Chemist: 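What follows is a single structure, and I will ask about it in a moment.
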Amino acid sequence: MSYTLSFKPAIDLYGQHDPSAALFEDGELRFAVEEERLTRDKHAVDTFPERAICACLEHEGIELADLEKIVLPYDPKLRRKITPHYLKNTVQLEGTLRKVTHLRNVVRDQFVASVMPTRIVESRLQRIGTPVPPIECRSHHECHAVSAFHPSTFEEALVVTIDAKGEYDSTVVWHATPDGLSRVRTYEHPNSWGLFYAAITNYLGYRMFNGEGKVMGLAPYGEDNPEIERRLRETIDTGVDYDVTALTGRWGTEHGVNALEELFGRPRSTGTDEFDQFEKDLAHTAQKLLEESVTEMVGTYVDRVGTGNVGLAGGVALNCKLNKAVREHPAVDEVFVQPVAHDAGLALGGGWIDRSPSEVDPMTTVYWGHEYATGEIRGLLETNKIEYTEPDDLERQVAERIADGALVGWFQGRSELGPRALGNRSILADPRTEASRDRVNRFVKHREEWRPFAPSMIESAADEYLENATTSPFMIDTFDVRPERRDDLRAVVHPADDTTRAQTVREDQNPRYHRLLREFEDVTGVPVLLNTSFNDHGEPIVDTPTEALKDFFGMGLDVLVLEDCLVEKAGSSDASP
């Protein structure tokens with residue numbers, strides 16, 4: 001047997017976000033986890049993924065020396081291509097001191113970027129074990145592209161990778177065949193939709209590379225605003241030959257925020273609990289321009305390469321509204337979006353990049369993390385003198401409690417890789433009432449009350465509830481809800497546009513979760529649950545039973561299910577919607 005470890009190592013100008021590690025045995029994925037789940041620091045910014053690497057090795061009971069090789073989804077030689085851009089930025093700055101400081105930062109960054117794979121990574125790995133196996137560096141965007149094609153079911157596809165920046169790329173269009181990937185077009189940094197959306201995100205009061213999904217959720221509350229759209233279109237170009245560098249062409253996103261302040265004659269937002277109509281309309285317009293450009297790009301290159309299959313990856317592909325627009329494009333037949341589309345998914349592409357697509361199984365799950373046996377959980381509860389039961393009809397009891405209005409923490413099996421909880425580290429509630437949604441927002445997630453939730457539903461029922469339903473096991477696509485079914489899903493339908501970001505569930509993918517959905521259907525007639533990630537506001541999804549217990553007692557949850565063990569708070573049986 002041959003083991004390969006893949007992890008993201010590089011610290012770039014925008015900070016390293018979402019590092020992860022993945023372990024492969026003869027090309028088969030064995031274990032993968034994001035560093036944030038182990039450090040408990042959201043996105044684990046600028047953190048070497050030492051804990052994730054150790055978790056991979058521990059899962060297989062091997063040491064670093066047992067690895068055949070290590071793959072880093074980062075190629076320092078490509079990074080040098082953006083040096084002229086940063087030197088140009090330096091010349092444009094005012095003041096000698098600022099220019100000198102900026103030049104020093106550029107030189108330092110390029111040096112660090114160049115030496116990291118051979119010096120810093122080896123040095124950090126030596127803390128874990130010796131000898132350090134051979135290290136290979138591969139292109140950031142090629143690893144994204146591999147993650148969107150190899151685990152798909154496509155023989156041939158157009159693949160589009162879109163993010164803020166990878167070495168020097170921002171967007172790359174690929175033609176993928178059984179023989180490999182070939183670049184069709186490259187949009188170089190800083191011509192980046194990821195940075196454009198990050199600037200909008202910052203301007204609206206959120207933190208870049210963290211709040212983009214919230215801006216996407218805000219967009220449907222806005223309307224077409226001719227003045228906002230006119231000013232943006234006079235500043236940037238959209239379409240297949242897009243150019244957003246007027247907002248992204250300087251160091252970081254601060255220039256873009258300053259440019260937006262000047263463009264609209266108003267300062268950036270300082271709060272996110274409520275937004276005025278201008279802010280909603282700006283989010284709406286930014287989303288509109290993004291969708292317009294990417295769908296035009298997809299339509300153009302689908303026709304050029306001669307296939308209607310489309311693969312998507314990169315952080316921008318976490319935008320499920322965009323994914324819906326791509327899926328509904330008339331030139332597109334099928335779409336596969338890598339569920340770990342952001343940089344945490346680079347470890348997957350790095351592990352598969354030297355394999356033939358035919359050697360990689362289709363992706364049907366993201367349950368690749370830690371799991372805990374009932375006996376271990378039982379010991380934890382008894383040590384901490386926490387009362388629990390182990391009902392024979394666990395799924396039935398939980399379904400009845402949810403139907404009565406209880407909010408449930410659901411902790412099962414292996415943890416999910418990626419930003420979505422898919423029934424193993426989830427908070428569950430009744431999808432039928434707005435009161436249920438409001439309780440989860442206010443008392444559990446402690447977040448803005450305007451933000452919508454997503455549903456899990458039995459796959460065979462998807463056509464009954466969703467327009468143009470497709471298999472959607474990863475909650476990374478959005479669908480219109482059928483008008484006659486909206487009353488059944490009030491807690492999980494976006495109030496502004498009647499869409500929902502659904503997860504479809506089959507028995508073979510997650511047997512216990514599927515049984516729970518069936519029991520809830522038997523109790524209520526609705527084979528759907530509100531499903532949101534098991535974490536409090538601003539923290540990563542829980543990974544361990546101890547973390548689940550901490551959040552259970554610190555949040556407004558009524559019931560906690562840890563494998564076969566059921567824990568209830570005193571008086572929680574009286575919960576109501």
Side-chain angles (χ1 to χ4, degrees), residues 148 160 162 193 197 200-201 211-223 280 283-295 298-299 310-330 332-342 366 416 418-423 426 431 437 448 450-459 461-486 488-505 528-533:
V160 184
I162 323 172
W193 278 112
Y197 215 90
I200 296 290
T201 298
E212 283 81 356
K214 300 166 189 176
V215 173
M216 179 194 70
L218 179 65
Y221 291 103
E223 302 172 352
K280 296 174 185 176
H284 173 88
T285 306
Q287 180 70 25
K288 176 181 179 179
L289 299 183
L290 171 68
E291 292 179 15
E292 176 184 299
S293 283
V294 176
T295 54
V298 167
V310 176
L312 298 174
V316 176
L318 291 179
N319 189 307
C320 59
K321 299 284 189 182
L322 170 63
N323 298 340
K324 177 178 185 288
V326 171
R327 175 172 52 84
E328 293 179 345
H329 192 287
V332 172
D333 296 326
E334 292 187 58
V335 177
F336 174 76
V337 183
Q338 168 52 241
V340 196
H342 60 315
V366 292
E416 301 95 336
R420 309 284 176 241
L422 300 172
S426 293
R437 176 197 68 204
E448 305 92 333
W450 55 266
R451 289 175 58 189
F453 287 105
S456 298
M457 62 179 61
I458 291 174
E459 184 179 294
D463 280 328
E464 183 182 350
Y465 286 87
L466 309 175
E467 302 277 4
N468 302 314
T470 62
T471 299
S472 183
F474 304 122
M475 203 181 276
I476 202 166
D477 202 350
T478 302
F479 301 86
D480 295 314
V481 178
R482 293 187 181 277
E484 67 273 17
R485 286 300 186 181
R486 290 173 190 164
D488 289 342
L489 304 181
R490 282 297 167 196
V492 293
V493 174
H494 197 298
D497 64 2
D498 294 322
T499 63
T500 196
R501 189 186 68 205
Q503 174 198 7
T504 59
V505 181
V528 183
L529 289 169
L530 181 157
N531 172 18
T532 188
S533 56

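Computed from a predicted model, the values in this text were never measured in an experiment.
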Chemist: Looking at every non-hydrogen atom in both residues, tell me the closest pair between H494 and Y221 and how far apart they are.
Modeler: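 The answer is CE1-CE1, 3.4 Å.
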Chemist: Which atoms form the tightest heavy-atom contact between V505 and S456, and what is the distance?
Modeler: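 Looking at all heavy atoms of both residues, the closest pair is CG2-CB, 4.3 Å.
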Chemist: Take F474 and V337, measure what side-chain contact (heavy atoms from CB on, under 4.5 Å) needs, and give me the verdict at the end.
Modeler: CA-CA 9 Å; F474 304 122; V337 183; over 6 Å; no
Chemist: What are the two closest heavy atoms between G217 and W450, and how far apart are they?
Modeler: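 Minimum heavy-atom contact is C-CZ3, 3.8 Å.
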Chemist: Residues in ring pair (Phe, Tyr, Trp, His ring centres under 6.0 Å) with H284, at least two apart?
Modeler: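 For H284 there are no ring pair (Phe, Tyr, Trp, His ring centres under 6.0 Å) partners, ignoring immediate neighbours.
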Chemist: Looking at N468, T499, T500, which hits side chain to side chain contact (heavy atoms under 4.5 Å, CB included) with D480?
Modeler: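 So the option named by the test is T499.
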Chemist: R420: which residues meet the side-chain contact (heavy atoms from CB on, under 4.5 Å) condition with it, sequence neighbours left out?
Modeler: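 Residues passing side-chain contact (heavy atoms from CB on, under 4.5 Å) with R420: L422, M475, R501.
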Chemist: Does any donor atom in the side chain of N319 or Q287 lie under 3.5 Å from an acceptor atom in the other side chain?
Modeler: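 Indeed, the side chains of N319 and Q287 share at least one donor-acceptor pair under 3.5 Å.
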Chemist: Please name all residues satisfying salt bridge (Lys or Arg N to Asp or Glu O under 4.0 Å) with E334, sequence neighbours left out, ordered by chain then number.
Modeler: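 Result, salt bridge (Lys or Arg N to Asp or Glu O under 4.0 Å) vs E334: none returned.
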Chemist: Taking side-chain contact (heavy atoms from CB on, under 4.5 Å) as the definition, give me every residue that meets it alongside T470, ordered by chain and number, with sequence neighbours left out.
Modeler: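 Expected list: R327, F479.
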Chemist: Do R437 and F453 form a cation-pi contact, if we require the NZ or CZ to be under 6.0 Å from the six-membered ring centre and within 45 degrees of the ring's axis?
Modeler: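 The answer is no, since R437 fails at least one limit relative to F453.
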Chemist: For A502 and S472, which heavy atoms make the closest approach, and how far apart are they?
Modeler: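 Scanning both residues completely, I find the closest heavy atoms to be O-OG, 3.0 Å.
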Chemist: For L318 and P339, work out which heavy atoms get closest and say how close.
Modeler: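 Answer, listing the atom of L318 first, then P339: CD2-O, 4.2 Å.
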Chemist: First locate atom CZ of R485, then atom CD of E464, and finally report the distance between them rounded to the nearest 0.5 Å.
Modeler: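 Reported value, rounded in 0.5 Å steps: 4.0 Å.
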Chemist: Would you compute the distance between atom CG of L489 and atom OH of Y465 and round it to the nearest 0.5 angstrom?
Modeler: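 These two atoms lie 6.0 Å from each other.
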Chemist: Taking atom OG1 of T295 and atom CG of L322, what is their separation to the nearest 0.5 Å?
Modeler: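 So the gap between those two atoms works out to 8.0 Å.
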Chemist: With rounding to the nearest 0.5 Å, note down the distance linking CE in M457 to CG in D488.
Modeler: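 Nearest 0.5 Å value for the CE-CG distance: 10.0 Å.
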Chemist: According to side-chain contact (heavy atoms from CB on, under 4.5 Å), who are the partners of A283, at least two apart in sequence or on a separate chain?
Modeler: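 Partners of A283 by the side-chain contact (heavy atoms from CB on, under 4.5 Å) criterion, ordered by chain and then number, come out as L204, V215, L218, A219.
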Chemist: How far apart are the closest heavy atoms of A496 and P220, and which atoms are they?
Modeler: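 Result for this residue pair: CB-O, 3.2 Å.
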Chemist: Enter the distance from Q338:CD to L312:CG here, rounded to the nearest 0.5 Å.
Modeler: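 Answer for the CD-CG pair, Q338 versus L312, is 11.0 Å.
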Chemist: Is there side-chain contact between T504 and P473, with at least one heavy-atom pair below 4.5 Å?
Modeler: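 Touching, per the 4.5 Å side-chain cut-off.
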Chemist: From E223 CD over to T285 OG1, what is the distance, rounded to the nearest 0.5 angstrom?
Modeler: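 Interatomic distance, E223 CD to T285 OG1, rounded to 0.5 Å: 10.5 Å.
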Chemist: Check the pair H342 / V340 against side-chain contact (heavy atoms from CB on, under 4.5 Å), numbers first and verdict last.
Modeler: CA-CA 6 Å; H342 60 315; V340 196; 3.7 Å; yes
Chemist: Examine distances only and state if a side-chain atom of N323 and a backbone atom of A317 form a donor-acceptor pair shorter than 3.5 Å.
Modeler: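 Checked: pair present.
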Chemist: By side-chain contact (heavy atoms from CB on, under 4.5 Å), which residues pair with D498, not counting sequence neighbours?
Modeler: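 If we apply the side-chain contact (heavy atoms from CB on, under 4.5 Å) test to D498, skipping adjacent residues, the hits are R486, V493.
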Chemist: Would you call V316 and Y197 a side-chain contact if the rule is heavy atoms closer than 4.5 Å?
Modeler: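 No. Closest side-chain heavy atoms not under 4.5 Å.
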